[in-house]
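Below is one structure, written out as structure tokens; the observations come after it.
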Protein chains: 2
Amino acid sequence: MKLREFAQQLGLSPTTVSRALSGYPEVSEKTRKRVAEEATRLGYRPNINAVRLATGRAGAIGVVMGRSGEFHFSEFMGGLAERLGTEDIDILVSPMDDKNPTGEIQLYSRLAVSGRVDAVIVHSPEPNDERIALLHKLGMPFLVHGRSDIDVPHAWLDIDNEGAIRRATSHLIDLGHRRIAMINGRQGRTFSLHRDKGYRDALQARGLPFDPRLVAHGNFTDELGFRFARSFLEQTPRPTAFVAGSMMTALGIYRAARSIGLEIGREVSVIAHDDVFPYLTAENMVPSLSATRSSMRAAGARSADLVLQLLSGRPTEEVHELWPVELILRESTAPPPESA
Amino acid sequence: MKLREFAQQLGLSPTTVSRALSGYPEVSEKTRKRVAEEATRLGYRPNINAVRLATGRAGAIGVVMGRSGEFHFSEFMGGLAERLGTEDIDILVSPMDDKNPTGEIQLYSRLAVSGRVDAVIVHSPEPNDERIALLHKLGMPFLVHGRSDIDVPHAWLDIDNEGAIRRATSHLIDLGHRRIAMINGRQGRTFSLHRDKGYRDALQARGLPFDPRLVAHGNFTDELGFRFARSFLEQTPRPTAFVAGSMMTALGIYRAARSIGLEIGREVSVIAHDDVFPYLTAENMVPSLSATRSSMRAAGARSADLVLQLLSGRPTEEVHELWPVELILRESTAPPPESA
DNA sequence: GAATTTTACCAAACCGTTTTAAATTAATGC
DNA sequence: GCATTAATTTAAAACGGTTTGGTAAAATTC
């Protein structure tokens, strides 16, 4: 059913009906109510593409999906979708070819000029992120999931990576650990830098030396967790504790420790960052995994909110949100064997 | 830049330009080439919403995303997005509230009538799936990822779950195992039924009894893998081998076996189904995990293809694709200890 | 070389809304 | 009760393309 027919049935003009449904003030309460009722009764719904053409709004927000190590992506998306489900706003997923980094900026470019999205969410930014500069230049509203040091105003939602890792590391130091290894995320991402900083600051606060041979960077995969942990554990003296960037990394570390006969929670301590997954929980690992925790799904849902706020005119400078991170201690952390 | 301006610059009518760009035959090769070149040079791109309004096509395909245990979802999506990235077709993600099963059918209903998608992908169907009946009734094109027994024609792409599990189980029997446990997917899903069948058929072919106490169903989570494996291993005599529905389940089984001091690959054998993830690989587990393998990402990419074919008129009855599944033997399978 | 077909292009109608600008009706002031 | 103002409603013009139904020019046929 089209607007015209529907309006005719009501004995009103299309204009009035349109305004009634979109909540404009210049229509009497009585008519508005009648229109709303009849709309649900007769099942009239405006054609979404006509609306989009007429309003110039795309009715969608864009998310770029990388190829590798993105197991947390679906949680974020889930949160996003959950919140956006009630609005008339779609989520548009674009794939990104990680192998071709110059392609990324083109991709964002295309996304922005294509007019298919009203806003974009940028993930895992870098301190000086080209994408942010580009989107700002193009005037496309966007929210950064994470942060950037770039001197371009940008709305962001981030978790306190630095604080989380500082606390995690401090806790390990408190337990008596002196050689603490860190398996961080990809080199160059802001969140990795923040975590690095949290780690170094914690060491420095206690006067412990920073040893670059105990720090590694890479994708959040079980495999890298294993490889890095393995090579760290081959050093002498070997580290007695690990700070890990993700659950998958932690799996790799557990595996590496076992492979050389070390018992986690006794000979080696581990704290990892947990994005909270329904299918793999820190609580259930053996031994249960101490973790810094922050729900990726919640971040997705909140990101949706913030994007909606941006779109309804809230100034970019106001939209900054830094989430605290819980530190949950479980069995994988204990004093080092020497001090036992 | 609008079509009108662009056409004017070329000294052509909007009609001709439109046809040239959409590849209609009634335009000379020479003009078509010129139009194409100028379009890229001047950066003209048709307004997507205008196109959608005029053509009546939504330019998007819908995917419904459940909440729980969907770690393979992002791989599927990745494949989908990869393939669709070159087309002018978006992916629309709708969230589903798993807790409210009646909501699901409403969701599909809304999705179909909203006119926001040209086609829908249905995941994890049941033998008599309401969603399939609904979409058929509504005349919305759709592809089922999996299969259904429902007597409604539907296009599908599925992997040979039955054959895969039959082979896996047979292999375990060949090795000498007699008590083989099976931790399957959610009760009622077609793929779970197929796997059940493969399992039972393999047993039957060798004259082994089917013991319902060795079969469990549930979401693909590490936790359920652990819990089920644990309870199976407490039986006497205990199973000497496991067939598992997912990598996460396998993680749980490994954990359970370890927790009671059993060595996998010697005292307990495990074969799991591997959807191929970049962040967690069967090869790298310790011991490396024997697996039935089929790439979820490839399935996503192919699904995109098939949906496009459906949309361009290929008849539903022709679109059926059953993928064979590899069985890859690694260290987690060995003869049972008794026969060693 | 006239009649016919084919090729290449175009003007105008249409897709289904929103929104601007104007017209009607109701309410208020005096 | 008339002029003025405010509250509703509406006709018509966007929004930016595609597609229908032609027409003029070029190629073919006889």
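Here is the naming used below: chain letters follow the sequence lines, and residue numbers restart at 1 for every chain. What's counted below: heavy atoms across the whole structure, side chains too, no hydrogens, waters or symmetry copies. On a predicted model such as this, the values are computed, not experimentally measured, just so you know.
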Exercise for the section: Mind checking A:Leu12 for me? I need base, sugar-phosphate or nothing, with any heavy atom below 4.0 Å counting as a touch. Expected result: sugar-phosphate
Problem - From B:Arg189, B:Arg186, B:His145, residue fulfilling side-chain contact (heavy atoms from CB on, under 4.5 Å) relative to B:Ser124 - result: B:Arg189
Problem - Protein-nucleotide distance (B:Leu53, atom CG; C:dA13, atom P), rounded to Å - result: 18 Å
Completion exercise
Quick note, A:Thr16 side chain, CB onward, closest among D:dT18, D:dT10, C:dC9 is D:dT10
Practice task
Identify whether any heavy atom of A:Arg52 sits under 4.0 Å from a base atom; if not, whether one sits that close to sugar-phosphate; answer base, sugar-phosphate or nothing.
Solution key: nothing
Problem - Among C:dA8, D:dT19, C:dT18, the one nearest A:Ser22 by side-chain distance - result: C:dT18
Exercise for the section: Mind calculating the distance between CZ (A:Arg32) and P (D:dA7) to the nearest angstrom? Expected result: 14 Å
Exercise for the section: Would you mind reading off the distance between A:Arg34 atom CZ and D:dT8 atom P, rounded to a whole angstrom? Expected result: 15 Å
Problem - Contact under 4.0 Å: B:Tyr24 side-chain N or O vs C:dC9 OP1/OP2 - result: no
Problem - Nucleotide nearest A:Glu26 (side chain, heavy atoms from C-beta), chosen from D:dT9, C:dC9, D:dG16 - result: D:dT9
Fill in the blank from the handout: Quick note, A:Leu3 side chain, CB onward, closest among D:dG16, D:dT19, C:dT18 is C:dT18
Practice task
Look at all strands and tell whether B:Tyr44 reaches a base, only sugar-phosphate, or nothing, counting heavy atoms closer than 4.0 Å.
Solution key: sugar-phosphate
Fill in the blank from the handout: When B:Thr15 and A:Gly11 are each assigned the nearest nucleotide of DNA chain D, the 5'-most assignment goes to A:Gly11
Practice task
Rounded off to whole Å, could you give me the CZ-to-C1' distance for the A:Arg4 and C:dC14 pair?
Solution key: 10 Å
Problem - Any donor-acceptor N/O pair under 3.5 Å between D:dT18 base and B:Arg57 side chain - result: no
Problem - Spacing between A:Arg116 atom CZ and D:dG17 atom C1', to the nearest angstrom - result: 15 Å
